Amino acid sequence: MPSILDPLTLRGVTARNRIWLAPMCQYSAFAGDGVPTDWHLVHLGARAAGGFGLVMAEATAVVPEGRISPHDVGLWDDAQVTAWKRVTDFVRGQGAVPAVQLAHAGRKASLASPLDEGGGDPLTDAEGGWQPVGPGADPFPGLREPRALTTDEIADVVAAFAAAAGRADRAGFDVVEVHAAHGYLLHAFLSPLSNTRTDAYGGDLAGRSRFLVEVVDAIRAVWPADKPVLVRLSGTDWVEGGWTVDESAALTETLGAHGVDLVDVSSAGNTATADIPVGPGYQVPLAARIREVSGVPTGAVGLITEAAQAQAVLDDGSADVVLLGRVALREPAWPLRAAHDLGVGPRAAPYPPQYHRGSWRRA
Ligand code: FNR
């Protein structure tokens with residue numbers, strides 16, 4: 001079994017190790033124009049310098065109305081491409097793979113940023129909000145009532161994902177991840193709890209996953225063949241009658257056949273209440289099941305905080321990489337600590353050369 005410090009190659013892209021930074025919204029496009037700022041450079045750059053193999057930029061909206069809040073970043077115009085290029089150049093210069101999560105918030109759009117007054121509350125149009133969209137008109141509890149997307153509008157969103165992927169390529173990203181988790185637009189279409197459509201985009205598993213598969217096909221048509229495409233799924237809704245791990249596994253098999261290289265397995269987010277067994281590594285069994293059934297590589301995420309725990313995820317064959325969220329906020333150089341904890345000396349650990357000096361280097 002590989003070490004978490006061993007490289008992983010997907011298509012023509014090699015990550016120096018299997019410790020990847022999970023996508024985390026920063027709500028820091030301060031001017032509301034979707035343009036990343038110095039904050040993103042420092043936040044992502046610090047984790048690249050801290051030894052992560054792949055650094056995933058947060059949920060990045062493919063159209064303005066696909067933002068969660070007015071302060072989300074985007075990839076719907078060229079000013080954003082220029083600003084992201086500075087980030088990807090730095091991340092790559094530190095030896096990490098620059099990646100971006102492409103997103104549409106769907107019926108969970110038009111919220112106040114958590115950094116602002118009333119964070120997380122729905123914004124009216126008068127407050128700078130906008131009309132959310134979804135598979136139907138059922139709101140996410142407590143949020144604005146969405147408008148059901150027409151089939152023409154679904155085609156527009158598919159095209160927007162592809163256009164954003166083209167911009168991601170020009171911005172220097174080597175990996176794109178499609179956000180199909182956490183109750184956002186594509187997950188809302190997958191789950192029978194939120195998708196009650198009777199057209200080709202609802203009904204059975206093939207109908208509910210049609211939108212996501214079309215997004216993947218459209219991205220693959222413009223995204224370089226030597227660069228990987230990832231999908232983040234909620235492996236389950238954790239709700240009776242909702243999206244299940246068996247559906248996730250079957251869908252992943254299909255996604256693999258459509259050119260998806262790895263599925264990043266999270267869970268939940270499509271309902272206000274769910275029976276979630278939160279605890280260390282609680283989502284790892286979902287990644288394991290999906291990997292076993294589909295044969296597609298997986299990433300495990302969720303309360304993975306210790307080196308030995310992360311290594312056990314790989315040793316068990318549950319996943320091919322681990323993604324770290326909150327622990328990476330506390331410890332931007334978590335991979336360097338993990339190397340230390342696993343007894344790997346500094347020369348074999350992913351230190352930036354600036355940190356190597358004198359006798360310490362030989363330690
Ligand atoms: C997140 N998470 C998240 N997930 C995602 O798919 N896209 C995103 O933009 C965000 N944004 C975000 C912001 C912040 C501040 C946090 C803490 C989390 C979820 C994240 O990627 C991860 O799946 C969870 O945090 C669980 O992993 P940890 O934190 O237990 O390692």
Side-chain angles (χ1 to χ4, degrees), residues 4 18-29 34 36 39-40 43-44 46-47 50 52 54-62 66-69 71-75 84 87 99-106 108-109 111 113-116 119-120 164 168 173 175-188 190 212 230-236 238 248 262-270 274 276-287 298-307 309-310 313 319 321-332 334-335 337-338:
I4 52 171
R18 293 150 186 261
I19 310 166
W20 294 6
L21 181 72
M24 284 180 280
C25 286
Q26 301 296 298
Y27 306 103
S28 296
W39 175 261
H40 299 92
H43 165 68
L44 297 170
R47 276 83 197 161
F52 281 85
L54 177 147
V55 167
M56 179 92 67
E58 67 202 76
T60 297
V62 300
R67 293 172 298 170
I68 303 166
S69 87
H71 294 295
D72 290 23
V73 287
L75 264 171
W84 278 121
V87 176
V100 62
Q101 188 185 49
L102 299 179
H104 190 305
K108 293 173 86 174
L111 308 184
S113 155
L115 278 60
D116 287 343
F173 287 108
V175 170
V176 289
E177 173 173 278
V178 178
H179 197 349
H182 302 167
Y184 297 115
L185 185 63
L186 294 169
H187 181 193
L190 293 175
L212 171 57
L230 279 45
V231 170
R232 176 169 269 204
L233 292 179
S234 280
T236 173
W238 299 113
S248 294
L262 182 143
V263 169
D264 167 12
V265 184
S266 185
S267 73
N270 196 37
I276 307 176
V278 176
Y282 69 106
Q283 294 172 151
V284 172
L286 302 171
T298 57
V301 67
L303 291 177
I304 299 168
T305 56
E306 297 302 326
Q309 180 199 11
V313 171
V321 300
V322 293
L323 292 102
L324 307 183
R326 290 161 290 183
V327 74
L329 301 179
R330 296 195 290 276
E331 295 184 61
W334 190 93
R337 177 168 73 82

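For ligands, and for the atoms within them, numbers begin at 1 and follow the listed sequence. Values below: all heavy atoms of this structure, side chains included; hydrogens, waters and symmetry mates excluded. Quick caveat: nothing in here was measured; it's all calculated off a predicted structure.
Interface of Ala22 with ligand 1, defined as ligand atoms under 4.0 Å from a residue heavy atom, comprises 21 (O). Short contacts between ligand 1 and Gly325, defined as distances under 4.0 Å to a heavy atom of the residue, involve ligand atoms 28 (P), 29 (O), 31 (O). Those atoms of ligand 1 that come under 4.0 Å of a heavy atom in Val301, given as number and element, are 22 (C), 23 (O), 27 (O). Below 4.0 Å from some heavy atom of Gly302 lie the following atoms of ligand 1, by number and element: 26 (C), 27 (O), 30 (O). Close contacts of ligand 1 with His182, meaning ligand atoms under 4.0 Å from a residue heavy atom, involve 4 (N), 5 (C), 6 (O). Heavy-atom contacts of Ala59 reach the following atoms of ligand 1: 9 (O) (cutoff under 4.0 Å). For ligand 1 and Leu303, the ligand atoms under 4.0 Å from any heavy atom of the residue are 28 (P), 30 (O), 31 (O).
Formation of a donor-acceptor pair under 3.5 Å by the Trp334 side chain with backbone atoms of Gly50 is not found in this model. When atom types are taken as modelled, the side chain of Glu58 and the backbone of His40 share no donor-acceptor pair closer than 3.5 angstrom. No donor-acceptor pair closer than 3.5 Å links the side chain of Arg47 to the backbone N or O of Leu21. His179 places no side-chain N or O within 3.5 Å of a backbone atom of Leu102 that could act as its donor or acceptor partner. Under a 3.5 Å cut-off, the side chain of Ser234 and the backbone N or O of Ala181 do not form any donor-acceptor pair. Between the Glu331 side chain and the Val327 main chain, no donor and acceptor come within less than 3.5 Å of each other. His182 places no side-chain N or O within donor-acceptor distance of the main-chain N or O of Gly269, the cut-off being under 3.5 Å.
Residue Cys25 has at least one N or O atom closer than 3.5 Å to an N or O atom of ligand 1. Ligand 1 has no nitrogen or oxygen under 3.5 angstrom from a nitrogen or oxygen of Glu58. Checking only distances, Leu329 never comes within under 3.5 Å of ligand 1, N or O to N or O. Any N or O atom pair closer than 3.5 Å counts here, and Leu324 shares no such pair with ligand 1.
Within the 4.0 angstrom cut-off, atom 24 (C) of ligand 1 has no protein heavy-atom neighbours.
Going from atom CG of Leu212 over to atom CG of Leu190 covers 5.5 Å, rounded to the nearest 0.5 Å.
Atom 7 (N) of ligand 1 has its closest protein heavy atom at Gln101 OE1, 2.8 Å. Of the protein's heavy atoms, Met24 CG, 3.7 Å lies nearest to atom 18 (C) of ligand 1. Nearest non-hydrogen protein atom to atom 19 (C) of ligand 1 is Arg232 NH1, 4.0 Å. Nearest to atom 21 (O) of ligand 1 among the protein's heavy atoms is Pro23 O, 2.8 Å. Looking from atom 17 (C) of ligand 1 to the surrounding protein, the closest heavy atom is Arg326 CG, 3.5 Å.
When side chains are defined from C-beta on, Trp238 does not count as touching Val278, because their heavy atoms never get closer than 4.5 Å. Side-chain contact between Tyr184 and Ile68 is present, with at least one heavy-atom pair separated by less than 4.5 Å. Annotation: side chain of Leu230 is in contact with side chain of Trp20 (closest heavy-atom distance under 4.5 Å).
Neither the backbone nor the side chain of Gln26 has any atom closer than 4.0 Å to an atom of ligand 1 (non-hydrogen atoms only).
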